[in-house]
Amino acid sequence: MSQKSFVWFCLLPLAVVTTAFFLLPMARLVVAGAEGPHGLAGYLAILTEGRYRATLINTVLLAAATTVVTLIVATIAGMFLQRHRFPGRAVLIAMLTFPLAFPGVVVGFMIILLAGRQGLIGDLSNRIFGEKFVFAYSIYGLFLGYLYFSIPRVILTIMAAVQKLDIGLEEAARSLGASPWAVQRDVVLPALAPAFVASGAIAFATAMGAFGTAFTLATNIDVLPMLIYTEFTLAANFATSAALSVGLGLITWLILALARTFSGSAVAAAG
Amino acid sequence: MSTAGHGAAVRIESCGKTFADGTRALDPATLDIARGETLVLLGPSGCGKTTMLRIIAGLELPDTGGKVLFDGKDMTLVPIERRNVGMVFQSYALFPNMTVADNIAYGLKIRGVARDERAARVAELVTLTNITGLENRRIDQLSGGQRQRVALARAVAIRPGILLLDEPLTALDAALRDRLRGELNRLLRALGITTIYVTHDQAEAMELGDRIVVMRKGAIAQIGTPREVYFAPKDRFVAEFIGAANIIEAPIENGAMILPGGRLPIDGGATIANATVMIRPETIRVADAGAGQLSGTVDSVSFIGDRQRIVVSGASGKPLNVDASNTIQAKVGDRVGLSIAADAVRLLPSEP
């Protein structure tokens, strides 16, 4: 057996698995999306049909907001945790990364415990203002849940990037007269840009597709994964749910590609 | 050059540094650096030279009681961004997200200098540092030598009162280092800024320094001009760290050292039972057998080009290194005489 055919031979299992569990279902999904009463136009319905379009915009906005806020929180926390040593630091990092292990349902459950009808915040506000603040079942509760499980996905990447930062760069900027704010703006944030893009992409994609949390909380709001679920199981509308699934994937991919292109120059320069 | 005359005088007063984990990096030291002077902090790694530089820069705070003064003004608690110091780092620390020109102009931009004036200053500096034409390059497109020049241009662009250089040539290969050393020397003389230069390379220290501070284990071992530390080292450490040195331990009787290869007269020698002296290899002359004060046998001959290093055994307790002219014919096993002027033998304090 030649070297070349040996390599092909080794790749065979991968090819089989990819075909069986990735390409074929994907192709089937794409075909299914066009098998509704409107044919290929079923895909267009994602954008033309009011309810679908609103859900799509809702989902994208929620995922984008989650990504931005997660990046801000995780950058500040990650930079602090990487640069400082204090008692309890390891425990804190463990706690911050803990949600990685939780299924979305658990995250939703925790949000209900915090901001639900019997939740902690409601209790407190009832005592103080005589009114129960309940936002677990709204888009704010969902946002909080997404934030909760997005932070660990981002913070570890940021911490690794901060560790690789050359302290000399910050010292050089300071020696040239830069204030702490200017150092962050001109030196630190540009150097972290690749980490922002990489971890932000993961946070965004996860938020776009998150189902468990939404399923637990979302009685008043529609996000795309919930919509797919209801169309699929309750309405048995296979074509629409397939079209929505393909749409969800494509739109997520498209937005990430755009983000990468726009930040590409900054990333290349900082690389 | 318009930057000339901008230098500040520096004084550090009993500045020591103990790190949070209890490591003593620097014993309390006092040091005066004159306006426009180039002072070199020289020593092996871990000797405290970088710590001293960082205290002057404002990147480290000295232990309580230590003071840093610029032109008599107490700067101890002033942060680096308000000390007006130019700094060149060993890693150069150039901003990878900016072009060469933006790097050089960064300090001016922070100071709110207008665009035209910045451009003029950048043009002036790229000429001065020989990097004309690279203004729009990204940093990762530059060679090591070019990066070094950009770092220097960036540091002097702000017309600093003090220029601080932390091993600026260490990251370069030997040939380039030699060339840039000369270039740097001319530039520092032209600028006339007070310069503090940290290095572990004694050749750099010799060429660049008006004065050299030799450091060892967090303390100043000797301060002096290059000639002083070379010809009159205070102790064995300085003698061996600066240049090559033969260190000989033997008794001195009536102004002459008693060695296996003969009696070696020395300057101002009384009688010392256990003396330590230093003799530079280039101050020893190879003579015919029987001539000179000492005699010995040639152990090895290394032809280096501009000179040859001859090792002679039997003259003193251990083999003597001799730097001889490259025309001398000496073979391994030859009996030779060695002639050493009395003032070339430097008596060192014996080590405790």
Side-chain angles (χ1 to χ4, degrees), chain A residues 71 75 79-90 157-158 160-200 259-271, chain B residues 20-21 50 53-54 56-60 78-99 102-113 137-141 147 150-168 171:
Chain A
L71 281 176
T75 302
M79 198 129 41
F80 180 82
L81 286 170
Q82 189 60 50
R83 291 270 168 93
H84 296 83
R85 295 287 179 271
F86 51 88
R89 174 178 173 272
T157 312
I158 302 275
V162 170
Q163 190 179 22
K164 278 195 282 180
L165 276 185
D166 179 4
I167 290 272
L169 286 179
E170 292 166 57
E171 293 179 343
R174 292 182 60 201
S175 77
L176 294 166
S179 66
W181 283 112
V183 172
Q184 298 298 316
R185 184 193 63 211
D186 298 335
V187 176
V188 176
L189 295 183
L192 292 180
F196 291 156
V197 173
S199 60
R260 219 166 264 157
T261 313
F262 280 118
S263 58
S265 52
V267 174
Chain B
D21 60 359
T50 296
L53 187 83
R54 290 173 65 85
I56 297 170
L59 290 168
E60 303 281 358
V78 176
I80 181 170
E81 52 265 36
R82 285 193 273 122
R83 285 196 186 189
N84 197 33
V85 293
M87 197 156 177
V88 176
F89 295 80
Q90 188 177 345
S91 66
Y92 309 136
L94 297 172
F95 307 129
N97 50 323
M98 300 180 200
T99 62
D102 289 344
N103 262 281
I104 297 173
Y106 183 74
L108 302 171
K109 197 173 162 196
I110 286 287
R111 281 165 170 71
V113 174
R137 291 271 187 95
R138 280 208 325 263
I139 299 308
D140 57 11
Q141 296 168 318
R147 286 176 200 213
V150 176
L152 189 67
R154 183 180 66 178
V156 298
I158 56 170
R159 301 179 203 279
I162 301 150
L163 185 59
L164 304 168
L165 302 118
D166 187 4
E167 309 239 11

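What you are looking at is a predicted structure, and each value in this text was computed from that prediction instead of being measured. Chain letters run A, B, ... following the sequence lines, proteins first, then strands; residues in each count from 1.
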Kindly indicate, with the supporting measurements, whether the criterion side chain to side chain donor-acceptor pair (under 3.5 Å) is fulfilled by B/Arg147 and B/Asn103. CA-CA 11 Å; B/Arg147 286 176 200 213; B/Asn103 262 281; over 6 Å; no
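- Classified by interplanar angle (parallel below 30°, tilted 30° to 60°, perpendicular above 60°), the ring pair A/Phe80/A/Phe86 is tilted.
- There is no contact between B/Arg83 and chain A, counting heavy-atom distances below 4.5 Å.
- Side-chain contact check for A/Val187 versus B/Phe95: some heavy-atom pair is nearer than 4.5 Å.
- The choice from A/Ala182, A/Pro180, A/Gly168, A/Ala172 that makes the most heavy-atom pairs within less than 4.5 Å of chain B is A/Ala172.
- Comparing B/Arg54, B/Met87, B/Gln90, B/Glu81 by how many heavy-atom pairs each has under 4.5 Å with chain A, the most go to B/Glu81.
- Residue B/Leu108: no heavy atom, backbone or side chain, is found under 4.5 Å from chain A.
- A donor-acceptor contact shorter than 3.5 Å is absent between the side chain of B/Arg154 and the backbone of A/Leu176.
- With a 4.5 Å cut-off on non-hydrogen atoms, B/Phe89 touches chain A through its side chain but not through its backbone.
- The part of B/Ile110 that comes within reach of chain A is its side chain, from C-beta onward, which places non-hydrogen atoms under 4.5 angstrom from that chain.
- The two residues A/Leu169 and B/Pro96 make their nearest non-hydrogen contact at CD1-CD, 4.0 Å.
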